[in-house]
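For clarity, every value in this text was computed on a predicted model and none was experimentally measured.
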Amino acid sequence: MTLETYQAKRNFKLAPKSKDGKAVSAKRPAAKARSPAPRERDWPKGARKGAMPDFIEPALAKLKPKPPAGDRWIHEIKFDGYRLQVRVENGKVRMLTRSGLDWTEKFGSEVVEAFAALPVQSAVVDGEIVVERDTGASDFSALQRDLSEGRDDRFVFYAFDLLHLDGHSLVNVALIDRKQLLESLLPDDNDKLRYSAHFNESGSLVLDHACRLSLEGVISKLRDSKYTSGRKGDWIKSKCSHRQEFVIGGYVPSTSMKNAIGSLAMGYYQGGELKHVGRVGTGYTAATAQLLYEKLSRLTQNENSFDDKLTSEERRGLIYVKPQLVGEVEFRAWSADANLRHAAFRGLREDKPAKDVTRETEKIMAPPLPKSAVALTHPDRIYWPDEGVTKEGLANYYAEVWRFMAPYVVNRPLALLRLPDGINGRQRFFQKHAWKGMNPHIEEITDPKDKQGEKLLRISDFDGIVALVQSAVLEIHPWGATTDNWEKPDMITMDLDPGDEVEWEDVIAAAYELKERLEAEGLAAFVKTSGGKGLHVVTPLTPKAGWVEVKGFAKWLADSMSADDPDRYLATATKAKRTGRIFIDYLRNGRGNTAVAPYSARARPGAAVSMPLEWSELTADVGPTYFTVDNTPTRLDALPRDPWDGFFAAAKPLEKKKR
DNA sequence: GGACTAT
DNA sequence: ATAGTCCAACGCGGT
DNA sequence: ACCGCG
């Protein structure tokens, strides 16, 4: 990792967050233009006096597969919310949608008040209103839910352009100057109204990092461009997902609706042959599903529409149709078997002849997902109601992460947190012993130190984790040792648990501090989000030292850190005096103790997961609950390698010297 | 989620 | 039949 | 010895 890319990542900020997920204001130089009278302002080149127009047609971005190259372009995060034009006139605020509708009343009072407090007489600000999850990216589905439920306490406005100010039109001013003026006006202490910063790094780098952060994509804009209404091409949108047309070669009728399709089998032409790319089973409304059925049921044929031989699973329930219709599909990746990953139907393309549909993207292919023979009894049982994550959704998540996760959960004694009725249900219990009626893919094992005792639990493959999901296991907590070597741990997990009022940046600093101390002992250090409150720093060990020694070392680490900096760190779990300090929890490292597994879901609102990170990815934006069951697949598709690549290869034995 | 137990 | 119950556990530090 | 804490 070069310093340059490291810094590019560090700079990759949306808005810094404190550890409890509350946004903290970005540290910017105090705005100079806080309250100048309009005529004192230095107007940038291109500003023209003029009355404020009623509505300025917004500039829209063209979708391109890649961000443009070259330093004429700057790149902003693509927000996943509603585009709004905010008009301030003498303290009165109106918020207009893309088409000019007045939606001021829909978003509560906080954003409006923030605009009313701006040091301006009048202004037109372009931006996007979003709902941010506790600690993270904007979330369109949360926005829509908040709107429909009348909830108005989570809206945040990202301002990215300034079109008019105090009797001056700015649409002919260079973008970079408009943004600079905008930034100078915005408060630096109001987390409901934020400045949308841009990046000067190469567009592909910015997009890559956006995708690794599970964001939607980036918007690229010409640095010196005027504000141009409409989709003229000086704003370019590139996304972490891909979009292209495919030919419909068959359909599966819906099981829940009459005369409607349930999914489509699609393909593209290559060398005159129709290549099958798998099924698209989401993305259509009931109306579209019926329309497609009506059109497709007239095109049915008996023989395979594809030139590939389909497997029996691919053929199941499939009705072939003459390959004539073309549909647009959004998807995140290609799988290694040349199927689409996470595909959603986005509409029919009546204008394109089927024969012209070819494959448009070259992409590193994602490896195939593991499949399980374990049946889920109620696949649509909802485990996380707010996120709509079901039992099947959780199983699919583990299929996505399994190739990375397996080494940390397989062949280790497990403690499980089970919530048969989901996270809001009445039942929640830990379990570390075998139970009656247990799925056979969960193994009963005997603790060699307690041969008479109750049997412990272990899984050895993907079927095992699906069996855990079926058993309503929402958190997986393995030992830090494998069952090949019960008495010799192969990792140390240090849990950095911030008390109230600890800044997230300080938790990150604590992780780096721990890393340095571990490296000073000749050990490697890896970091993951906990999915809860803090961070976990994990060290691979060559199994050599026993539990007592390893735990003693962990305690020594925690003790020495708190001794060297008692104002910041605490090595004891006492609740009192936790405020403002970080508890370094070393006691996950005794025999029989556990820590939440890498990639394990957490049984809390938000469906966060414990996410392994490269150190360079550990930035202020990535709070402890940033990555979730929902947004992790986008990240994985964008990752060039396992973020903990080389974990076990980096193992060193713990040398006897410290206790 | 599922077995076992009390009513 | 149906409702209720169980499903971990232990060392640490502070009083 | 007991309590709260992970």
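For A:K436, whose side chain is taken as the heavy atoms from C-beta onward, the closest listed nucleotide among C:dA8, B:dA3, D:dG6 is B:dA3. Nearest nucleotide to the side chain of A:T574, out of C:dG14, D:dG6, B:dG1: C:dG14. Distances were taken from every side-chain heavy atom of A:K551 (C-beta onward) to each of D:dC5, B:dG1, C:dC12; the shortest belongs to C:dC12. Picking from C:dC12, D:dG6, B:dG1 the nucleotide with the shortest atom distance to the side chain of A:Y586 gives C:dC12. Of the candidates C:dA9, B:dG1, D:dC5, C:dA9 carries the atom nearest the A:K432 side chain, counting heavy atoms from C-beta on. Comparing C:dG13, D:dG6, B:dG1 against the side chain of A:K555 picks out C:dG13 as the nearest. Ranking D:dG6, B:dG2, C:dA8 by closeness to the A:D497 side chain, first place goes to D:dG6.
To the nearest angstrom, P of C:dC7 lies 10 Å from CZ of A:F429. Between A:L416 atom CG and C:dA9 atom P there is a gap of 13 Å when expressed in whole angstrom units. A straight line from CD of A:Q427 to P of C:dT5 spans 11 Å, rounded to a whole angstrom. A:I584 has its CD1 atom 17 Å from the P atom of C:dC12, to the nearest Å. A:H477 places its NE2 atom 14 Å from the C1' atom of C:dA9, with the value rounded to the nearest Å. Distance A:H378 NE2 to B:dG2 C1': 11 Å, rounded to the nearest Å. Rounded to whole angstrom, the span from the CH2 atom of A:W435 across to the C1' atom of B:dC4 amounts to 16 Å. Between the CG atom of A:L417 and the P atom of B:dG1 there is a distance of 14 Å, given to the nearest Å.
Within the nucleic acid shown, A:K391 comes within 4.0 Å of sugar-phosphate atoms alone, with no base atom in reach, counting heavy atoms only. At the heavy-atom level, A:R426 lies nowhere under 4.0 Å from the strands shown. Among the atoms of the strands shown, only primed sugar atoms or phosphate atoms (P, OP1, OP2) are found under 4.0 Å from some heavy atom of A:R578. Residue A:R588 is in sugar-phosphate contact alone, with no base atom involved, counting any heavy-atom pair closer than 4.0 Å across all strands shown.
Across the interface with DNA chain C, nearest-nucleotide mapping of A:H433 and A:T572 shows A:H433 to be the residue nearer the 5′ end.
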**OP:** Could you walk me through whether A:Y408 and A:W644 pass ring-ring contact (aromatic ring centres under 6.0 Å, His included), step by step?
**Re:** CA-CA 11 Å; A:Y408 308 102; A:W644 279 13; 5.5 Å; yes
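The side chain of A:R381 places an N or O atom within less than 4.0 Å of a non-bridging phosphate oxygen (OP1 or OP2) of B:dG1. A:Y383 has a side-chain polar atom (N or O) that falls below the 4.0 Å cut-off from OP1 or OP2 of B:dG1. Within the structure, a side-chain polar atom (N or O) of A:Q470 is placed less than 4.0 Å from OP1 or OP2 of B:dG2.
A cation-pi contact, defined as under 6.0 Å to the ring centre and within 45° of the axis, links A:R418 to A:W435.
Between A:D497 and A:R578, at least one side-chain nitrogen of the basic residue sits less than 4.0 Å from a carboxylate oxygen of the acidic one, meeting the salt-bridge criterion.
For C:dA8 and D:dG4, the P atoms lie 23 Å apart once the distance is rounded to whole Å. Across the P atoms, B:dG1 and C:dG11 are found 34 Å apart, a figure rounded to whole Å.
Taking the centre of each ring, A:Y512 and A:W615 come in below the 6.0 Å mark.
With no hydrogens or angles considered, no side-chain donor-acceptor pair links A:E387 and A:T628 at under 3.5 Å.
By the 30° and 60° cut-offs, the orientation of the rings of A:F526 relative to A:F647 is tilted.
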